Amino acid sequence: MPDTTGDIAASHKIPALCGNIIGGETYTQGDQIPVICPETEEVVTHAVEADDETLDLAIRTAQETFEQGEWSKASSDHRQKVLFRIADLIEKHQEELAWLETLNIGAPIRQSETRHVTRAVLNFRFFAEYCSQTSGDAYYQQPDYLTVVTREPVGVAALIGPWNAPIALTTMKIAGAIAFGNSCVVKPSEFSPLTAFRVTQLLLEAGLPEGVVNLVNGRGGSTGAALSSHDGIDRLSFTGGTATGRAIMSAAGKNLVPVTLELGGKSANIIFDDADYEQALDGSLLGIFSNNGQQCLAGSRILVQRSIFDRFVADFVSRTNNLRMGSSFDRRTEIGPLATKSHFNRVLSFADLAREEGCEILTGGRAADGYSSGYFFEPTVAVTPRNDLRICQEEIFGPFATIQVFDTPEDAWRIANESDFGLVSYVWTSSLETATTAHKAIKAGMVLINTPIVRELRAPFGGFKDSGVGSESGASCEAFYTEQKTTVIPMAKPTLPKLGSEA
Ligand code: NAD
């Protein structure tokens, strides 16, 4: 049994119950959803599902808070101060939040600390700075008129998040929405409610007025569906799977509610023979095995140029076999358990599919030995003969790399683009020409040359094709969470035709 009760665990508490936090009050009535630690398979607490009445209350509270104006009409200086305080408080609770995240989703603790919680802090600091720099426009082209364009917060944003990086992704949505004065109703995944619950408490502690951020828990098909189709919301921001994204867009569309959808991926990771070999190898391993392979931007389709194919595959498999799998509470662990049992079974089913499709599984493809509990799946590498196989087309969302060979740059671009997804793409080359061609040829929202993921919050992050609608960044969030208003003021009394004045 992996040890989850080390030095870190000893000092922190699991919430006795993750209730719904509405207007600063915690509501604990409702069906209870078990929260399961993927490492011990134990129920560690429960989340309370928000029924229709509770959801209505959350949305009404968000609306009333918005109308009342303490936050929506506050100066950006004030909002900035509160956002900075939130960031500081999250940073102060970094260890606790990282531990809760690891307990809930199984991410290795070092990654929870240095990536997930660090990103949550950054999200609030970034939007604190951004919101103080916003400006409007003025037009003078009509000589007698001054036309000014200002931005106003929209009202209530519904924010629905996934389970794979809950604190990092949910806080991006919260910070982006509230920085511009909106209120919101947040629904974390039913599988990962722990950090959203704790962060909502910290928001209140930092001085965010009650009712600006309201938390509802619940399953996707019930609370999630009711939230997306509710006529009291003004914006909907969603991160999750593509099929869910379609359902959500269609539900929100009935009320003409604009959406942003951050969806799935099956990103190409292309290695040319002129690349810095060690960097490409390190980056490719990080690209597929970080966060236990459960990341939308995983470089899960590895394409390797023929002259280095055999060497790369051998080295990649050898390093995969060396990955330190174990308890996610151990700081040395590089791979922990998958987040849920159903997800484990789904990832496992792709190993069978790979075999059926004629792929060669060079390592992994099965439950890891030696664990009496936990959803531990062996890091897997499969060589695939063709790109049109399901194994290369469907998002597996686990520590499961597929590797294919290519010959020319044109082959690489074609294979990269033969996908319904278009989230990100990685290219490893020392040729400037190849790099600049990749930037033009690849149909994805982000092309990373000679680097694993680097998230620059000023730049848009969003997918092409089935990977998403819209994007998230400072400017994208400002555009999404505000309405533009044009006001026209004559600078001299205009001469108006006098309708109806002639007999
Ligand atoms: P999911 O689509 O199953 O669930 C996401 C959220 O939607 C959860 O809160 C869930 O309760 C809710 N939901 C489910 N059905 C719903 C419905 N009918 N109406 C309203 N809400 C509903 O996704 P997941 O399994 O939690 O997350 C994994 C997926 O998220 C992967 O496909 C991954 O690629 C994607 N993802 C994308 C990004 C990105 O930035 N593009 C980032 C992380 C994860």
Side-chain angles (χ1 to χ4, degrees), residues 33 47 49-50 55 104-105 107 115-116 119 123 158-173 176 185-193 195-196 215-230 233 236-254 257 259-267 288 290-300 338-344 346-347 394-398 400 419-424 444-446 453 455 457 460-473 476:
I33 303 172
E49 181 154 61
L55 182 65
N104 203 163
I105 65 164
R115 291 184 53 182
H116 298 239
R119 170 68 193 279
N123 288 337
L159 311 176
I160 302 181
W163 52 258
N164 69 309
I167 194 169
L169 300 175
T170 308
T171 54
M172 179 73 182
K173 293 186 190 306
V185 176
V186 181
K187 194 202 86 63
S189 167
E190 58 272 40
F191 301 113
S192 59
T195 48
L215 175 77
V216 293
N217 288 296
R219 296 169 183 91
S222 43
T223 312
L227 177 58
S228 340
S229 57
H230 204 288
I233 61 170
L236 196 158
S237 175
F238 169 75
T239 299
T242 298
T244 314
R246 284 185 209 286
I248 283 182
M249 189 163 181
S250 140
K254 294 203 173 81
V257 170
V259 296
T260 57
L261 306 176
E262 301 287 344
L263 307 177
K266 188 76 180 178
S267 300
I288 183 63
S290 297
N291 210 36
N292 303 332
Q294 300 164 139
Q295 38 177 7
C296 57
L297 40 76
S300 50
L338 298 181
T340 67
K341 184 163 196 173
S342 60
H343 186 58
F344 172 89
R346 184 176 175 277
V347 173
E394 296 181 20
E395 185 183 41
I396 302 174
F397 216 57
F400 198 128
S419 172
D420 288 340
F421 295 111
L423 193 58
V424 303
M446 194 171 192
I453 190 70
R455 183 74 173 83
L457 295 185
F461 180 82
F464 285 15
K465 304 193 272 184
D466 287 1
S467 287
V469 172
S471 61
E472 286 181 340
S473 70
S476 316

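The structure presented is a predicted model; accordingly, all values stated were derived computationally and were not measured. Both counts, for ligands and for their atoms, begin at 1 and track the order of listing.
Applying the side-chain contact (heavy atoms from CB on, under 4.5 Å) rule to Ser228 yields the partners Ile160, Leu236, Ile248, Ala251; only residues at least two apart in sequence or on another chain are considered.
Pocket lining of ligand 1, defined as residues with a non-hydrogen atom under 4.0 Å away: Ile160, Gly161, Pro162, Trp163, Asn164, Leu169, Lys187, Pro188, Ser189, Glu190, Gly220, Gly224, Ala225, Ser228, Phe238, Thr239, Gly240, Gly241, Thr244, Ile248, Glu262, Leu263, Gly264, Cys296, Glu395, Phe397, Leu423, Phe461.
In this structure, the side chains of Thr239 and Lys173 come closer than 4.5 Å at one or more pairs of heavy atoms. A 4.5 Å side-chain heavy-atom check between Asn123 and Met172 finds at least one atom pair inside the cut-off.
A donor-acceptor pair under 3.5 Å links the side-chain atoms of Ser267 to the main chain of Val424, judged by distance alone. Judged by distance alone, the side chain of Gln295 and the main-chain N or O of Asn164 form no donor-acceptor pair under 3.5 Å.
For Phe461 against Met446, the heavy-atom pair with the smallest separation is CD1-SD, 3.8 Å.
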